[in-house]
Amino acid sequence: ANGTKFYDTSIFFAAYVNEENPMIDQLLREALNTRIVNRFLGYQSKAKGVVDKQVYALWNILQKRKFRYSSVSNTSLSSNVVFSQRVRTFDDALDSSQINCVLFASLLRSINIDPILVRTPGHMFVGYYTDNSHKDMNFLETTMIGDVDLDDFFPDEQLDSTMVGKSQNEMSLLTFEKSKQYANKKYKENEEGIHSGKLNYMFLEISKEVRRKIQPIGK
């Protein structure tokens, strides 16, 4: 009778995704200046790969700004009764050039691409729908935005040889593609758990419907 009750608070992560942050405009302008895309269209274009290209433009600018990965949560507050996580706000992450899933999801939401926050025990990554009808998804391992050794993620492939002499933009695209490959694999491996509703697993779409229910936390 006195069993511990667990309330799923996953949905509250949506409050940390803040696509209305005034700093976003600056980042989007910088991303357009890279000429990877001419404008952010969200899902308006039916051409193949347009959504991925927009996402890559965001990835590229965060790498150019030398963002480092920061874990979304430090569970220093957890006890066996209360599961709580301190989540960095967008401003906090931006001020310290720390990328995390929530910041990336905010950028996606700002260009009208529907992000997904995925949690597995001890880790969180971000995904997005590649089409308006939510048929296809891609996932990203945002840790790879920072100063990363791809061999840590793909030990069986000799990646060093593929990286020698690459320009900054070529490296950025390589890490973006590898990040998708890695995170998509992780999603498939954990798919059952992610959709099980079990503790420490989460699949949270930050769609317009969710946004209507939960507003971003302001400053």
- Message: Please determine whether residues V118 and Y201 belong to a single hydrophobic cluster, defined as Ile, Leu, Val, Met, Phe, Trp and Tyr linked transitively by side-chain heavy-atom distances below 4.5 Å.
- Response: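 Yes: a chain of side-chain contacts under 4.5 Å links V118 to Y201.
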- Task: Spell out, yes or no, whether I36 and V50 are grouped together once hydrophobic residues are joined by side-chain heavy atoms under 4.5 Å, including indirect joins.
- Result: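 Hydrophobic grouping puts I36 apart from V50.
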If you take all heavy atoms of [X] and [Y], which pair is closest and at what distance?
{"X": "A105", "Y": "L117", "answer": "CB-CD2, 4.1 Å"}
{"X": "A14", "Y": "V210", "answer": "CB-CG1, 3.8 Å"}
{"X": "L27", "Y": "I61", "answer": "O-CG2, 4.2 Å"}
{"X": "A57", "Y": "V37", "answer": "CB-CG2, 4.1 Å"}
{"X": "T175", "Y": "S172", "answer": "OG1-O, 2.8 Å"}
{"X": "F104", "Y": "V55", "answer": "CE2-CG1, 3.8 Å"}

[atom1] ([X]) with more than 12 external heavy atoms under 6.0 Å:
{"X": "D152", "atom1": "CG", "value": "yes"}
{"X": "E192", "atom1": "CD", "value": "no"}
{"X": "K166", "atom1": "NZ", "value": "yes"}

- Inter- and intrachain pairs under ring pair (Phe, Tyr, Trp, His ring centres under 6.0 Å), touching residues 31-59, at least two apart: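 Matches after skipping sequence neighbours: Y56-F176, W59-F176.
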Measure the spacing between [atom1] of [X] and [atom2] of [Y] and express it to the nearest 0.5 Å.
{"X": "L103", "Y": "L62", "atom1": "CG", "atom2": "CG", "value": "6.5 Å"}
{"X": "I206", "Y": "I214", "atom1": "CD1", "atom2": "CD1", "value": "9.5 Å"}
{"X": "L140", "Y": "L108", "atom1": "CG", "atom2": "CG", "value": "7.5 Å"}
{"X": "N190", "Y": "R119", "atom1": "CG", "atom2": "CZ", "value": "13.0 Å"}
{"X": "T120", "Y": "I194", "atom1": "OG1", "atom2": "CD1", "value": "6.5 Å"}
{"X": "M144", "Y": "F153", "atom1": "CE", "atom2": "CZ", "value": "4.5 Å"}

Exercise: do [X] and [Y] side chains pair donor with acceptor under 3.5 Å:
{"X": "S133", "Y": "D131", "value": "yes"}
{"X": "N60", "Y": "K64", "value": "yes"}
{"X": "E177", "Y": "Q181", "value": "no"}

[X] side chain to [Y] backbone, donor-acceptor under 3.5 Å:
{"X": "Q54", "Y": "G42", "answer": "yes"}
{"X": "S110", "Y": "L107", "answer": "yes"}
{"X": "S106", "Y": "V102", "answer": "yes"}

- Item | Ring-face cation contact, F139 with K186, 6.0 Å cut, 45° max |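 No, K186 and F139 do not form such a contact.
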- Message: Against R211, only a single residue in E20, E205, E19 fulfils salt bridge (Lys or Arg N to Asp or Glu O under 4.0 Å); can you say which?
- Response: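 When E20, E205, E19 are each tested with R211, the salt bridge (Lys or Arg N to Asp or Glu O under 4.0 Å) holds only for E19.
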- Message: Run the side-chain hydrogen bond (donor to acceptor under 3.5 Å, both in side chains) test against Q215 and tell me which residues pass, sequence neighbours left out.
- Response: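 None.
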- Message: If the condition is side-chain hydrogen bond (donor to acceptor under 3.5 Å, both in side chains), which residues does S45 pass it with, not counting sequence neighbours?
- Response: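 S45: no side-chain hydrogen bond (donor to acceptor under 3.5 Å, both in side chains) contacts found.
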- Query: What pairs with E191 under salt bridge (charged side-chain N to carboxylate O under 4.0 Å, His left out), at least two apart in sequence or on another chain?
  - Reply: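 None.
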- Message: Looking at E189 and K185, is there a salt bridge between them, counting it only when a charged N and a carboxylate O are closer than 4.0 Å?
- Response: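 Salt bridge flag = yes for E189 with K185.
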- Task: Could you go through the side-chain contact (heavy atoms from CB on, under 4.5 Å) check for Q63 and Q168 one step at a time?
- Result: CA-CA 9 Å; Q63 284 194 317; Q168 192 184 3; 5.9 Å; no
- Item | Criterion side chain to side chain contact (heavy atoms under 4.5 Å, CB included) against I116, the qualifying member of Y128, Y187, F203 |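 Considering Y128, Y187, F203, a side chain to side chain contact (heavy atoms under 4.5 Å, CB included) with I116 is found only for F203.
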- Query: Given L150 and L174, is the side-chain contact (heavy atoms from CB on, under 4.5 Å) satisfied, shown in steps?
  - Reply: CA-CA 10 Å; L150 291 179; L174 179 72; 3.9 Å; yes
- salt bridge (Lys or Arg N to Asp or Glu O under 4.0 Å) pairs, two or more places apart, involving residues 35-55: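 Sorted result for residues 35-55: D52-K180.
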- Which residue pairs pass the salt bridge (Lys or Arg N to Asp or Glu O under 4.0 Å) test when at least one of the two sits in residues 101-110, sequence neighbours left out?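 Checked against salt bridge (Lys or Arg N to Asp or Glu O under 4.0 Å) - neighbours excluded - the pairs reaching residues 101-110 are R109-D114.
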